[in-house]
Asks: 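Before we start, here is the structure in question, set down as structure tokens.
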Amino acid sequence: MKRILLILLMGLGTSLVQAQSNEKYAKDVSSVDNIIAALYNVICGAPGEARDWERFKYLFGKDAKLIPTSKNTEAKFVYRTMTPEEYITMFSTRIKTGFFEKELKRETVSFGTVYHAFSTYEARETENGPSTNRGINSIQLFKDQDRFYIVNIFWCAESMGFTLPASALK
């Protein structure tokens, strides 16, 4: 009997932690505007400033991917996929300067449970410093009855050799 009670209490504890996490970040996933604002906000900060990676992970659905494009050693365009956990590791080990990314413009289309946001961004090393890069995040979202989830973020930066079209900035 004690063993069963202990198992039930452990399960209740896990449920309470999940409920607190859900409550803590519920506003972040309540709308397209909020989830994208949270996405940009959570990765920003000064050098060495801790990011809220629990919040970051909460934004993503199961099997979500982050997909940056780049050039390989032969200067050919390539892409790679990362899980949110792999992105956290990459970000934490490679970003030694400050990193501040903000949305400049967004176009969103949706149908039923599927939402797509084409989000033009600008990155800086300090909050008010000069722009170090711009690009477009293609963000796919899933909307269930309770919240939004990021399914994929696929992006390309101007540093790849492209210039943002005027339509992506106005």
Asks: Just do the side-chain contact (heavy atoms from CB on, under 4.5 Å) check on Tyr40 and Asn137 with the steps written out, would you?
Replies: CA-CA 11 Å; Tyr40 281 109; Asn137 288 317; 3.0 Å; yes
Asks: Would a single hydrophobic cluster contain both Val151 and Val42, if residues Ile, Leu, Val, Met, Phe, Trp and Tyr are joined by side-chain heavy-atom contacts under 4.5 Å?
Replies: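 No.
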Asks: Name all residues meeting the ring pair (Phe, Tyr, Trp, His ring centres under 6.0 Å) criterion together with Phe118; count only those two or more places apart in sequence or in a different chain, and write none if there are none.
Replies: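 With sequence neighbours excluded, Phe118 shows a ring pair (Phe, Tyr, Trp, His ring centres under 6.0 Å) to His116, given in chain and number order.
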Asks: Looking at Lys105 and Glu103, is any side-chain nitrogen of the basic one under 4.0 Å from a carboxylate oxygen of the acidic one?
Replies: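 Result for this pair is no, no salt bridge flagged.
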Asks: Would you say the ring centers of Phe91 and Phe99 fall short of 6.0 Å from each other?
Replies: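 Between Phe91 and Phe99, the centre distance is under 6.0 Å.
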Asks: Is the count of non-hydrogen atoms from other residues, nucleotides or ligands lying under 6.0 Å from Lys102 atom NZ greater than 12?
Replies: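 Atom NZ in Lys102 is not packed in, count stays at 12 or less.
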Asks: So, taking the atom named OG1 in Thr120 and the one named CD1 in Ile136, what distance separates them when rounded to the nearest 0.5 Å?
Replies: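 If we round to the nearest 0.5 Å, Thr120:OG1 and Ile136:CD1 are 4.0 Å apart.
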Asks: Looking only at the side chains, is there a donor atom on one of Asn133 and Tyr121 sitting less than 3.5 Å from an acceptor on the other?
Replies: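 Short answer, no.
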Asks: Would you call Glu49 and Arg51 a salt bridge, taking side-chain N to carboxylate O under 4.0 Å as the test?
Replies: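 Salt bridge absent between Glu49 and Arg51.
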Asks: Given side-chain contact (heavy atoms from CB on, under 4.5 Å), test Ile153 with Ile67 step by step and report yes or no.
Replies: CA-CA 6 Å; Ile153 306 173; Ile67 311 167; over 6 Å; no
Asks: Counting distance only, does the side-chain N/O of Thr69 pair as donor-acceptor with the main-chain N or O of Tyr79 below 3.5 Å?
Replies: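 Here the side-chain-to-backbone pair does not exist.
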Asks: Please list, chain by chain and in numerical order, all residues satisfying side chain to side chain contact (heavy atoms under 4.5 Å, CB included) with Phe162, sequence neighbours excluded.
Replies: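 Phe162 satisfies side chain to side chain contact (heavy atoms under 4.5 Å, CB included) with Phe77, Cys156, Met160 only.
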Asks: Evaluate salt bridge (charged side-chain N to carboxylate O under 4.0 Å, His left out) for Asp33 paired with Arg106, printing each intermediate quantity in order.
Replies: CA-CA 10 Å; Asp33 287 342; Arg106 180 184 336 139; 2.6 Å; yes
Asks: Is a salt bridge present between Glu158 and Arg134, judged by a nitrogen-to-oxygen distance below 4.0 Å?
Replies: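 Yes, charged N to carboxylate O under 4.0 Å.
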Asks: What is the minimum heavy-atom distance between Arg124 and Ser131, and which atoms define it?
Replies: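 Heavy-atom minimum between the residues: NH1-N, 3.5 Å.
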Asks: What heavy-atom pair brings Pro84 and Ala64 nearest, and what distance separates the two atoms?
Replies: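 Of all heavy-atom pairs spanning Pro84 and Ala64, the closest is CD-O, 3.5 Å.
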Asks: Is the closest side-chain donor-acceptor distance between Thr132 and Glu125 under 3.5 Å?
Replies: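 Side chains of Thr132 and Glu125: no pair found under 3.5 Å.
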Asks: Check the pair Asp28 / Ile35 against side-chain contact (heavy atoms from CB on, under 4.5 Å), numbers first and verdict last.
Replies: CA-CA 5 Å; Asp28 286 344; Ile35 198 167; 5.8 Å; no
Asks: So, taking the atom named CD1 in Ile43 and the one named CZ in Phe100, what distance separates them when rounded to the nearest 0.5 Å?
Replies: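 Between atom CD1 of Ile43 and atom CZ of Phe100 there are 11.0 Å.
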Asks: Using the rule that two of Ile, Leu, Val, Met, Phe, Trp, Tyr join whenever any of their side-chain heavy atoms come within less than 4.5 Å, decide whether Trp155 and Leu59 are in one cluster.
Replies: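 Cluster IDs for Trp155 and Leu59 match.
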Asks: Taking all non-hydrogen atoms of both residues into account, name the closest pair between Ala117 and Ile36 and its distance.
Replies: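 What the structure gives for the nearest pair is CB-CD1, 3.6 Å.
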Asks: Please identify each residue that fulfils ring pair (Phe, Tyr, Trp, His ring centres under 6.0 Å) with Phe56, with sequence neighbours left out.
Replies: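 Once residues adjacent in sequence are excluded, the partners of Phe56 under the ring pair (Phe, Tyr, Trp, His ring centres under 6.0 Å) criterion are Trp53, Phe60, Tyr87.
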Asks: Is a side-chain donor or acceptor of Thr93 paired with a backbone partner of Met90 at a separation under 3.5 angstrom?
Replies: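 Judged by distance alone, yes, a pair lies under 3.5 Å.
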Asks: Within 45 degrees of the axis of the six-membered ring of Phe142 and under 6.0 Å from its centre: does Arg147 put its NZ or CZ there?
Replies: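 The answer is no; the distance or angle limit is not met.
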Asks: Would a distance-only check, ignoring hydrogens and angles, find a side-chain to backbone donor-acceptor pair under 3.5 Å from Asp144 to Asp146?
Replies: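 Looks like yes, one N/O pair under 3.5 Å.
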Asks: Could you tell me the separation between the NZ atom of Lys27 and the CG atom of Asn34, rounded to the nearest 0.5 Å?
Replies: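 Rounded to the nearest 0.5 Å, the NZ-CG separation comes to 6.0 Å.
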Asks: Does Leu66 share a hydrophobic cluster with Leu39, counting links as ILVMFWY side-chain heavy atoms below 4.5 Å and allowing steps through other members?
Replies: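 Same cluster: Leu66 reaches Leu39 through Ile, Leu, Val, Met, Phe, Trp or Tyr contacts under 4.5 Å.
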Asks: Hey, could you give me the CD/CG distance between Glu101 and Asn41, rounded to the nearest 0.5 Å?
Replies: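 That separation rounds to 12.0 Å.
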Asks: Determine whether Val32 and Phe148 satisfy the following criterion, side-chain contact (heavy atoms from CB on, under 4.5 Å), listing intermediate values before the conclusion.
Replies: CA-CA 7 Å; Val32 171; Phe148 284 87; 3.5 Å; yes
Asks: So, for Ile150 and Ile139, which heavy atoms are closest and what is the spacing to 0.1 Å?
Replies: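 Heavy atoms only, the tightest pair is CG2-CG2, 4.3 Å.
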Asks: Quick check: do Lys143 and Tyr115 have side-chain heavy atoms less than 4.5 Å from each other?
Replies: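 Yes, side chains in contact.
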Asks: Could you state the interatomic distance from CD1 (Ile88) to CD (Glu85), rounded to the nearest 0.5 Å?
Replies: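 CD of Glu85 is found 4.5 Å from CD1 of Ile88.
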Asks: Scan side-chain atoms only and decide if Asp52 and Tyr25 contain a donor-acceptor pair under the 3.5 Å cut-off.
Replies: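 Per modelled atom types, Asp52 and Tyr25 side chains form a pair under 3.5 Å.
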Asks: How long is the straight-line distance from CG of Asn152 back to OG1 of Thr81, given to the nearest 0.5 Å?
Replies: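 Between Thr81 OG1 and Asn152 CG, I get 9.5 Å after rounding to 0.5 Å.
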